[in-house]
Protein chains: 2
Amino acid sequence: MAQIRNTPSKRFIQQALNDAGRALSLSEIQEATSGICDRVTVYRVLERLLNEGEVHRTVSLDGVVHYAKCSACETNGHTHVHDHHHVHFHCESCGDVTCLESVIPEFKLPRKYELHETNFMVSGLCPGCR
Amino acid sequence: MAQIRNTPSKRFIQQALNDAGRALSLSEIQEATSGICDRVTVYRVLERLLNEGEVHRTVSLDGVVHYAKCSACETNGHTHVHDHHHVHFHCESCGDVTCLESVIPEFKLPRKYELHETNFMVSGLCPGCR
DNA sequence: TGCTTAATGCAATTTTGTTGCAAATGTAAT
DNA sequence: ATTACATTTGCAACAAAATTGCATTAAGCA
Ligand SMILES: [Mn+2]
Ligand SMILES: [Mn+2]
Ligand SMILES: [Zn+2]
Ligand SMILES: [Zn+2]
């Protein structure tokens, strides 16, 4: 299987996601890395981080893709399957997307549906903007 | 206020969404309408249908935008605010996106978050593909 | 210190979405 | 039926976002 390498671009992006404490939009990441690495590299690094289970992706209703380090990952050393069934909140005012790790919706799929992943995105006003 | 017109393009797209009985991706709609109307018109018609409350939009985790006629709308004559808090199922095998109208997740946001819209997308295997 | 192969940069290309404007057409009034 | 008028459309141009190929670089290991 493919070996995983630790490169400056990867470190930088991971750091940014760590520091942010919220989900960053692709364009935010592009901006943050401008001068650091190429635009294409950002796409590729994020793709890799997804596969490695370091980050997860969530899409807001307006179609903007966000990436976040799932805080639940911090405890374990990874390459395990982890679920991201928590809610993501998209503030319509400030635009911030936050992982609400503790908010796990309850629902029941009809018989014979097999659940793998979820993307729960809710939008409205965050505490700061209300 | 602006008057609403019933045009062939609009009728066609609405019909397609009706007949499908599931959410159609933008590209599916583009294909279906190829020869019928221009690419730009599709964007504009869908935009209008959204505003008129005839359809709703949902985005799958892979970022693909889908449009669906919400079956709950059929009873009423519209221009009411309606919520689409139901779950959408995205089959990883056949790619179909379906509105699960009856599946409304239960969850509780932390204090001071104000909820407006939701986009609940879950993926896995649909009954047909399991 | 080399060797292997993953990762990067860069240019080119493709895909996706937007805008401006003239022409066409749906609808309601005459 | 004809007219009037705002809405809708097509088309071309533009802009933005994402993907691909390939030569070059460099991470990690022996
Ligand atoms: Mn995680
Ligand atoms: Mn509806
Ligand atoms: Zn906010
Ligand atoms: Zn299926």
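Lettering of chains follows the sequences in order, A, B, ..., and the numbering in each one begins at 1.
- For the segment residues 27-38 of chain B, the set of residues with a heavy atom within less than 4.0 Å of an atom of DNA chain D comprises Ile36(B), Cys37(B), Asp38(B), in numerical order.
- The shortest distance between the side-chain N/O atoms of Ser9(B) and the OP1/OP2 oxygens of dT9(D) is below 4.0 Å.
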Only pairs under 3.5 Å count here: list side-chain donor-acceptor contacts from residues 90-97 of chain A, not counting sequence neighbours, and write none if there are none.
| from | atom 1 | to | atom 2 | distance (Å) |
| --- | --- | --- | --- | --- |
| Glu92(A) | OE1 | His116(B) | ND1 | 2.7 |
| Glu92(A) | OE2 | Ser123(A) | OG | 3.4 |
| Glu92(A) | OE2 | His116(B) | ND1 | 3.4 |

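- Pairs of residues two or more places apart, or lying in two chains, that qualify as salt bridge (Lys or Arg N to Asp or Glu O under 4.0 Å) and include a residue from residues 25-37 of chain A are Arg22(A)-Glu28(A).
- To the nearest angstrom, P of dT14(C) lies 16 Å from CZ of Arg39(A).
- Between Asn119(A) atom CG and His88(A) atom NE2 the span is 7.0 Å, to the nearest 0.5 Å.
- The separation between Ile4(A) atom CD1 and dA7(C) atom P is 8 Å, rounded to whole Å.
- In this structure, Asn6(B) atom CG and dA28(C) atom P are separated by 11 Å, rounded to whole Å.
- Residue pairs that meet the salt bridge (Lys or Arg N to Asp or Glu O under 4.0 Å) test with at least one member in residues 102-126 of chain B, sequence neighbours left out, do not exist here.
- DNA chain C is contacted by Arg44(A), Val45(A), Arg48(A) of residues 42-50 of chain A, taking any non-hydrogen atom closer than 4.0 Å.
- Relative ring orientation between Phe120(A) and Phe120(B) is described as perpendicular, the plane-to-plane angle rising above 60° on a 0-90° scale split at 30° and 60°.
- Separating the NZ atom of Lys10(B) from the P atom of dG26(C) is a distance of 13 Å, rounded to the nearest angstrom.
- Taking only side-chain nitrogens and oxygens, Thr41(B) never comes nearer than 4.0 Å to OP1 or OP2 of dT8(D).
- A side-chain donor-acceptor contact under 3.5 Å links His56(A) to the backbone of Ala68(A).
- Nearest-nucleotide assignment on DNA chain D puts the 5′-proximal partner with Val65(A), out of Val65(A) and Arg5(A).
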Could you tabulate the donor-acceptor pairs under 3.5 Å formed by side-chain atoms of residues 37-50 of chain A, not counting sequence neighbours?
| from | atom 1 | to | atom 2 | distance (Å) |
| --- | --- | --- | --- | --- |
| Asp38(A) | OD2 | Val40(A) | N | 3.0 |

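- Under the 3.5 Å distance criterion, with hydrogens and angles disregarded, no donor-acceptor pair is assigned to the side chains of Thr7(B) and Ser9(B).
- In this structure, Tyr67(A) atom OH and dA18(D) atom P are separated by 8 Å, rounded to whole Å.
- One can place CG of Leu26(A) at 13 Å from C1' of dT19(D), the figure rounded to the nearest angstrom.
- Ion pairing between a basic and an acidic side chain is recognised when a charged N comes within 4.0 Å of a carboxylate O; Lys10(B) and Glu54(B) show no such pairing.
- Position along DNA chain C of the nearest nucleotide to Val40(B) versus Arg11(B) favours Val40(B) as the more 5'-ward residue.
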